[in-house]
**Student:** 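Sharing a structure with you now.
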Amino acid sequence: MALIAMLVVPGAVGLWLMTGGRALDVATARVIALVAAVVGGAAAVVASAQRPVIDRAWIPDLGVRWHFEIDGISAPLVALTAVIGVLVVAHAWAEQPWLDASGGERGSAATYLGALLLVVTGAFAAFSARDAVLFFIAFEVVLVPMWVLIGRYGDPHSEAKRADASARFILYTAIGSTLMLVGILLLVWQAGTADFAELPAAAADLSLGQQTLIATLLTLGLAVKVPVFPLHTWLPAAHTTAPTAGSVLLAAVLLKLGTYGLVRLPLANVPDGFSRIAPVLAIAGVIGILWGGLICLVERDLKRLIAFSSVAHMGFVVLALASGTETGVQAALIGNIAHGVISALLFVIVGGLKHRWGSVDLAIVRPALREVSPRLGFALILGLAAGLGLPGLAGFWGEFVALVAPWNPAQHTGILRTCAVIAAVGAALAAAYSLRVARIVWVGDEVSADAPHRAADTRGLELAVVAVLGAAVVAIGVAPVIVWSVTADAVSALVGGAP
Amino acid sequence: MTLTMDWGLLLPALLPVAALALILVVEAIAPTARPVLVVLAGFGLVAAAAETIPGLVGDDDPRLTLCTPAPDGRCMWDGGALTSTLQLAILLSTLAVLALISVRRAGVIELVMLLASASGGVAVVAARDLGTWLITLELATLPVIALVAWRDRRAAAHGALTLLTTSLVSFGLLVLGTALWVTATGDPTLTGESLATAWAVPEQRTLAGLATVVLLAGLAFKLSAVPFHAWTPTTLTSGPLPISALLASSSKLAAIGALIVVLAPYDAVVDLSPGPHVVVAALVILTVASMLTGTVMALRQTEVVRLLAWSTVAQAGWILLPLTALTVAGRQAAAVYTLVYAVAGLVAFAAVRAIHGRRVEDGRELTAYTGLFRRDPLTGGALALALLVLAGLPPGVIGLVAKIVALRPAVSAGLWPVAVVAVVAAVLGIAVYVRWFAVLFGEPTIDAPARPAQRRASLGVALIGSAVLVVASALPQLLVGLVS
Amino acid sequence: MTSLDLAFAACGALAVVAGLLAVSTRQVVHAALWLVVALLGVAGCLLVLGHELVALVLVLVYVGAIVVLVLFALMLTRAPIGPDLVHAVPAWRRVLAGLAGAATTALLLAALLPLADGAVQRREISNKAVATELFGTWVWPFEALSVLLLAALIAALAVSRGAGAGVDTSSDRLLARLGHVDPAEGRSDVSQTGKKSKDGSGEEAR
Amino acid sequence: MIHLAGPHIVAAFLVGLGVMGVTVRRNAVLLLIGVELILSGSLILLVASGAASTSRWEASSILPLFVITIAAAEVVVALAIILTAFRHRGSIDLDEPLPADDSSDGRGAM
Amino acid sequence: MSALTVSHWLVGLPVLAALATLALRRTPHLAALVAVLASLASVVLATIGLFVAPTRFQGIIQVREPVQVGGIEMPFELGAGPATAAVAAVVALVAAAVLVFTRWYLEDDDRLAQFAATVSLFTAAMMLVVHARDLVLTLIGWEVMGWCSYLLIGHWSRKESARRAAYKAFIVTRVADIGFVLGIVGLVAGAGSTGLDAVIDAWSGPDTPATPAVRSALLALVVIGVLGKSAQFPFQDWLPDAMEGPTPASALIHAATMVAAGTVVLAQLFPVLVHADGARWLLGIATAVTMVGAAALALGQSDLKRLLAWSTVSQVAIMLSALATATEEIGPDPALFHMWSHAVFKSLLFLTIGWLSVVAGSTLAVALRGAGNVHQLARVAWLFGLLALAGAPFVVGGLSKEHVLVTAYEGAIGSGGPGVIVLAALLVTVVLTAAYAMRAHLVVTAPLERAEPSAAGDDHPSGMPSDAVLAALAVLTVLTVVGGLILITGLFDIHRASQWWMLLTLLLISIGAGVSWLARSSGDPRDAFVRTRRHRALADRGLGFDTAYRRLIADPVLGLARVVAFLDREVVDGYVRGAAASAGIAGWFAERGHRREAPSAGVGLVALGLIVAAGTAVLTWR
């Protein structure tokens with residue numbers, strides 16, 4: 001019941017808002033969307049706790065079933081999605097992307113909110129799908145609404161950028177997901193089942209060559225979504241252009257689909273094949289860490305900077321996964337969640353700044369946040385600290401365990417240890433760029449009360465959103481056990497007692 | 001020689017012919033009673049469609065007729081589920097085209113031609129012998145060529161000429177293929193038994209392969225697969241819009257049905273050694289060339305019908321993709337894909353018609369669609385849905401399912417490199433449709449074409465088609481399960 | 001080599017040579033006439049092979065009807081009596097076409113010849129047997145063929161008369177009366193219709 | 001007794017000539033001649049297949065009859081279309097490109 | 001109350017205090033008061049801890065089930081032992097003193113509450129490091145300290161120099177932490193657990209999870225991290241710059257927390273370290289270089305606060321050197337003892353100079369000349385602080401330094417280890433330390449020349465601190481004098497030092513002090529040792545290490561970053577744009593091919609298609 005509510009309520013309301021309810025006025029649409037998000041989110045949380053199962057035939061001829069079930073691996077992600085879903089809808093009170101730069105209306109608020117809800121629904125479905133093909137379909141569900149969010153409600157200043165970013169997003173992701181589809185079909189055909197529960201056993205006797213091929217296709221496809229270097233170039237464009245809520249969803253939910261998929265598909269089903277390509281993945285992840293970190297040192301656009309930092313952070317997650325061990329998967333999962341809340345927090349803040357300032361070009365000198373808007377400043381420094389992996393905040397655990405995991409990997413010890421060593425350098429880069437941002441944006445000279453570019457401090461729902469995310473950052477940082485205890489059993493079942 | 005004759009099975013093909021005859025008679029008696037004629041035609045199509053239903057629901061019944069007696073028994077008509085599905089789709093899409101032409105304007109020629117081509121299509125998908133196959137295939141094609149030409153426009157004449165010359169050459173190839181087939185197998189039926197016999201002898205095997213390739217080449221024209229596609233953009237843009245819709249839907253369905261008939265015998269030999277590599281290779285070439293050329297060209301079009309025309313070419317590649325597996329599943333998948341494509345294509349054409357009416361001078365540029373979704377939500381919504389289905393993006397889930405369906409047999413047959421090409425094509429395809437989709441969601445402009453006064457029929461077709469797509473998106477099994 | 005073979009060779013050679021001339025001559029009318037010769041050669045071949053009925057039908061339908069139609073069409077499209085200079089093609093295209101033809105021939109020969117080893121007994125096929133099969137086993141395609149012929153007839157009639165000439169009557173006459181359409185050509189007055197439809201009172205409103 | 005090689009050779013040549021004719025002609029009517037040659041070649045092939053052995057249901061006689069009839073139907077329609085095209089384009093040159101801007105003739109059909 | 005409970009509270013209380021203080025930031029003084037009270041409570045707790053501390057290390061109780069993260073066990077234990085209790089006590093004490101001082105020193109600062117909260121958090125982090133029996137907890141405390149130091153150093157963020165110093169401090173230590181983290185990662189991965197005992201068990205025995213070379217390498221990595229945090233060569237340069245922070249922050253960082261944390265961590269890991277010769281050599285050489293170099297630089301500083309900073313660098317090197325040279329029997333306690341005593345006297349010195357700087361309006365030697373005359377307590381505190389710094393016998397610093405010397409000697413005569421080098425460096429350092437201590441003393445206590453001492457005391461017109469501050473200073477002074485008595489408690493497990501060493505050091509100190517006395521100048525106190533402006537500038541800039549960091553590390557990294565950004569834009573993204581462009585080009589070609597749309601094109605294509613199909617047939621003949 002909860003599972004159905006979680007999938008149907010936001011989905012149906014979202015669809016209705018995008019089609020029939022487009023003409024709704026802003027106030028009504030917001031309330032409806034928020035109610036839907038809250039109901040869906042609550043249902044998701046309940047479902048994460050109760051673990052109900054839906055399992056019924058959908059397309060028998062393809063062997064695809066409506067099989068939804070939340071297990072330990074997906075529960076934290078579902079909960080994360082639930083929280084983020086409510087927050088992004090609530091954020092519509094703070095930022096109104098349906099208005100253009102001059103305050104005129106450039107789109108329907110209802111459509112915007114509907115798109116948000118649809119993205120959330122897609123994520124719910126993907127995280128709870130227990131059928132490989134169903135997972136793929138759910139994976140695709142988020143594309144169009146996200147495309148609408150970026151292309152239609154993105155940066156009001158540049159139409160060309162919007163078009164470019166949204167096209168990049170959808171095409172890049174589509175190439176990834178279609179490759180993944182080929183991999184899934186190959187896997188499902190060889191194994192004879194699409195059910196996640198039966199797949200690992202069924203795929204166990206595939207030949208190594210087959211496994212490698214399948215793992216390559218799946219990993220390649222999912223790597224786009226993660227994104228893994230060098231398949232990341234859609235991300236900065238999308239993040240820079242998307243409205244705040246879009247960036248938050250993208251970073252906190254959509255990227256997670258990629259890593260979640262990596263855990264669910266290649267790692268769980270074709271472990272031998274996966275471990276053969278793991279070194280490549282690990283190296284790509286590590287290059288991503290350094291690459292993203294280095295670019296962040298010189299990037300001028302704050303939103304792009306955070307996007308590149310996402311590349312770096314996801315590099316850690318990928319590295320952990322590449323180790324192929326239980327520890328690695330645990331690290332990846334908590335790294336996922338942590339990056340979700342941290343980047344969400346940062347994007348809310350930076351989106352807010354962009355909204356206030358008109359641009360987030362770091363080369364433009366503006367009054368320091370610490371001076372003019374202490375709350376926003378505090379949130380920013382919290383986010384940055386978490387981003388650089390400060391212990392006690394969410395980012396630390398994923399990073400630390402992601403360094404431990406490759407030390408004793410399932411295979412390829414030498415390569416993976418080297419990767420871990422290099423990745424540790426990335427952690428220092430993270431400090432360098434995070435504090436670079438802090439030095440430019442957070443601190444600065446004292447400002448007089450009538451200085452230009454004064455940013456109003458955060459208040460109202462924006463403050464609430466920031467507060468919730470900040471609290472989550474601290475909570476996960478202080479007690480990572482809340483995530484690990486949920487995931488532990490599922491992960492050990494999944495990795496199957498690998499060393 | 002006595003044949004079994006199950007009239008019930010033949011009715012889907014006979015009823016349109018009966019309606020055709022009735023129309024001619026009524027027209028001769030009462031030349032002014034045009035509405036009656038339209039009703040007659042519609043009734044004929046609906047009745048025929050109704051007759052296909054038993055084929056979809058009854059499962060154990062073999063539904064064979066026109067069989068010669070045992071022991072040498074061969075049947076010339078197979079009305080199984082796959083056949084019935086295609087027949088139903090052909091009849092209904094013809095009905096939709098009839099609606100697009102509009103009740104008020106459909107003349108006796110249109111009615112006769114549509115009915116003839118529908119009955120040809122219905123018959124060709126059920127045919128299991130070369131004679132019926134050849135004749136009914138032409139019956140499905142010739143009236144459409146006439147319909148394109150029957151139009152007093154220079155461009156239409158040009159389009160018809162292009163279509164005609166291509167179809168003539170293709171006909172030549174079909175006959176050549178037929179002759180080769182008979183020479184190779186000594187059998188005018190398209191059955192696995194005859195092929196398997198021929199396959200045992202190397203010389204005959206070679207010839208049978210060649211025959212199939214030549215038949216394939218002849219049919220590829222109807223499917224507008226590259227390199228037999230050149231007529232498609234010209235004809236679809238210059239001919240009347242409803243006829244373009246016909247070419248993109250009913251005609252495609254008939255073509256794929258005919259192709260399935262040709263490829264079905266290969267079930268018997270696909271697992272033998274040596275296998276039918278020639279046929280697979282030919283199909284792969286057609287698939288890859290169509291997908292890539294079609295999408296790449298569609299990407300550059302700014303005129304909507306031309307874009308749809310090139311997308312037809314690309315979709316032909318997708319239709320052929322599952323067939324490369326040469327399995328039952330592959331054929332069913334091709335049918336499903338064609339079905340989805342035909343519905344989506346019809347919706348798109350209907351929407352275009354609902355926007356432009358019969359005025360071609362408005363310029364069917366993409367820019368004219370700016371903001372359509374807000375200006376004209378019904379048409380815009382239907383069009384958007386159709387585009388999403390064609391692109392294979394949720395919420396057009398059925399489009400996505402169709403892509404899965406199409407990829408599956410190819411992947412299972414170990415042709416995953418082709419599948420990887422399909423990935424590229426799919427992404428380019430998304431770019432094509434999203435380009436248009438994006439325009440729909442843009443800001444409405446002032447100089448948009450005025451809404452035609454009478455467009456209920458077009459809109460109705462678009463909406464019914466959309467409804468089909470929506471239902472199928474929620475429950476793809478309804479569509480996917482039809483064929484099995 | 002039997003006498004049958006010889007007869008066949010003669011007819012075949014005739015057909016091939018005439019066919020070559022038919023496709024290569026620059027004089028359009030000659031092309032049609034060479035086609036007649038080629039078809040006669042083919043009919044001869046069929047006769048040698050023992051299928052009198054087919055040979056007869058070929059001569060009747062093709063030589064008697066189709067080629068005449070073709071000739072008419074050539075006349076109606078103002079084909080010149082001498083060489084057709086309007087539709088001359090460059091030499092490279094001729095070469096390419098020749099190559100394509102040669103390739104096809106080579107391919108078919110390579111595929112067909114291995115099958116034809118040794119001589120076989122010619123089988124006389126009685127017209128009765130053909131009739132029995134035609135109206136027995138093949139009755140269904142035969143009926144379909146009649147529909148096809150009917151459709152082709154109507155199509156040819158309709159197409160050659162054009163849409164404006166009496167079929168789609170009512171509205172066109174109305175149009176003609178309104179002065180937008182030249183009934184003979186069936187075309188509307190371009191600019192006026194264009195303008196009219198812009199303000200929404202297009203022809204649908206008529 | 002008859003050698004089957006003869007019919008096969010003639011058929012191969014006729015089809016080849018037909019292909020050549022089809023590709024070389026710019027005149028739409030003459031294109032038909034090429035097609036007819038392809039058909040003739042096929043006819044010989046069909047008939048020859050029956051000359052050797054019993055073909056099922058006398059297909060070697062009946063299929064040619066069908067083909068001839070279909071071809072006749074096709075040619076009739078084709079000529080009608082060619083004439084219409086001639087009326088509108090003023091030429092039956094197959095190399096003539098698509099009329100550049102056809103929006104001038106405004107009546108939408110149907 | 002068990003020792004374990006105490007340790008939990010010692011960690012938890014400052015955290016709570018920090019939160020409460022932050023929550024009360026609208027009323028800064030109240031907030032600071034809360035922080036002070038909490039810190040005093042910590043002192044009480046720590047004192048209790050001293051009494052309940054077990055004599056030998058044993059206070060570990062399994063609190064809860066260890067967390068299992070895949071194959072890694074994380075027990076998250078705290079523990080308490082005798083040395084731990086002592087260190088915890090001094091940390092609590094120093095923190096309390098600093099907070100008390102802060103309340104006065106930053107009275108009018110609008111971010112007093114934030115500062116106090118940060119100090120509390122800082123204390124908590126140090127307490128965590130001290131009590132951690134789990135390397136992850138150590139790492140947490142370690143990094144949180146780094147972050148807090150960033151906040152404290154950059155407290156006056158309206159000053160560019162403070163912002164830069166904070167940034168530099170964090171980045172330099174963070175770079176060194178690469179090693180720290182990697183070392184811990186390696187140790188943890190080898191042991192399969194993050195628990196300290198598990199790690200020691202796994203790595204100290206003969207059957208280590210990897211070769212001894214790997215063990216050495218891992219420990220060396222940890223040592224690198226320690227060198228960074230403790231501002232040892234080659235990472236030393238951040239610490240003097242960190243003087244941009246408010247003086248209480250410096251007191252905290254230098255005395256009891258961050259800089260000293262490395263000693264605590266290495267002491268915890270000592271059982272493994274003692275078997276890792278490579279790491280000990282690294283540590284020994286780095287500390288030997290540092291202690292001498294930093295002492296020499298201290299001598300040349302024109303700013304007394306920076307002089308103290310360099311002295312910290314030097315003193316920390318001394319503690320660490322004890323760890324590098326200690327044999328297994330001696331153990332880490334001499335180092336911890338020196339850390340303990342250093343905490344006491346260094347906090348005293350910093351707080352005193354903080355007070356004096358308020359009086360003088362600057363920390364430059366020129367300005368501070370004679371500032372000590374402002375109050376008797378200041379003079380006394382300064383004197384005893386410097387005595388302890390110089391290592392004069394019987395004051396706390398002297399005692400601990402003796403033990404370090406003995407340790408180094410034992411190490412030198414024992415086999416292996418960098419004992420000889422360290423011992424030599426130590427002796428040189430003793431001389432230099434005495435010299436700069438003497439100089440500092442001379443400057444501050446020089447006869448008063450100016451009429452009004454509170455020239456620049458805008459914030460504190462009288463320049464007189466509150467009674468609480470005076471009390472805190474008094475307590476610290478007393479402890480500086482009698483702190484050595486802690487040895488009686490046996491909390492530190494230390495062997496007796498020989499009186500010969502005492503005599504030797506006394507001699508060396510006299511030499512150093514004497515030279516300094518002789519070199520004193522009546523004019524500019526900056527001229528005592530460094531005569532030319534150029535050399536002075538060089539000394540003040542720490543021998544130009546800052547420039548070296550920038551040239552050798554920052555600039556290349558930034559250059560690389562620019563290259564990478566370029567590559568990302570033009571190369572990696574190139575294939576995306578290339579794909580788009582090639583689709584466009586393909587479309588263009590295809591469109592050219594279809595431009596005319598003549599009917600014959602269709603026919604031609606069909607023929608072409610036939611040939612292709614036939615060709616395919618030929619190619620796939622069988």
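The structure displayed is predicted, hence computed values, not measured ones. Heavy atoms only: backbone and side chains are in, while hydrogens, waters and symmetry mates are out. Naming convention: chains lettered A, B, ... in sequence-line order (proteins, then strands); numbering from 1 in each chain.
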**Student:** Under a 4.5 Å heavy-atom cut-off, does chain C meet the side chain of B:Trp77, its backbone, both or neither?
**Tutor:** side chain
**Student:** Please classify the contact between B:Ile145 and chain C as side chain, backbone, both or neither, with a heavy-atom cut-off of under 4.5 Å.
**Tutor:** neither
**Student:** Between C:Leu150 and chain B, with a heavy-atom cut-off of 4.5 Å, which part of the residue counts as in contact: side chain, backbone, both or neither?
**Tutor:** side chain
**Student:** Go through the atoms of B:Thr136 and report whether side chain, backbone, both or neither lie under 4.5 Å from a heavy atom of chain C.
**Tutor:** side chain
**Student:** Any donor-acceptor pair under 3.5 Å linking the side chain of C:Thr25 with the backbone of C:Leu21?
**Tutor:** no
**Student:** Testing C:Leu39, C:Leu35, C:Leu58 one by one against C:Val63 for a side-chain contact (heavy atoms from CB on, under 4.5 Å), which residue passes?
**Tutor:** C:Leu39
**Student:** Contact part of B:Leu115 toward chain C, heavy-atom cut-off under 4.5 Å: side chain, backbone, both or neither?
**Tutor:**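 Looking at B:Leu115, nothing touches chain C.
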**Student:** Counting only heavy atoms closer than 4.5 Å, note whether B:Ala140 contacts chain C via side chain, backbone, both or neither.
**Tutor:**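 For B:Ala140, no heavy atom lies under 4.5 Å from chain C.
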**Student:** Going by distance alone, is a donor N or O of one side chain under 3.5 Å from an acceptor N or O of the other, for B:Arg74 and B:Thr189?
**Tutor:**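 The criterion, which ignores hydrogens and geometry beyond distance, is satisfied for B:Thr189 and B:Arg74.
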**Student:** Please classify the contact between B:Leu134 and chain C as side chain, backbone, both or neither, with a heavy-atom cut-off of under 4.5 Å.
**Tutor:** neither
**Student:** Are B:Val124 and B:Val261 close enough that some pair of their side-chain heavy atoms sits under 4.5 Å apart?
**Tutor:** no
**Student:** Taking the side chain as everything from C-beta on, heavy atoms only, tell me whether B:Met113 gets closer than 4.5 Å to B:Val144.
**Tutor:**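 B:Met113 does not reach B:Val144 side chain to side chain.
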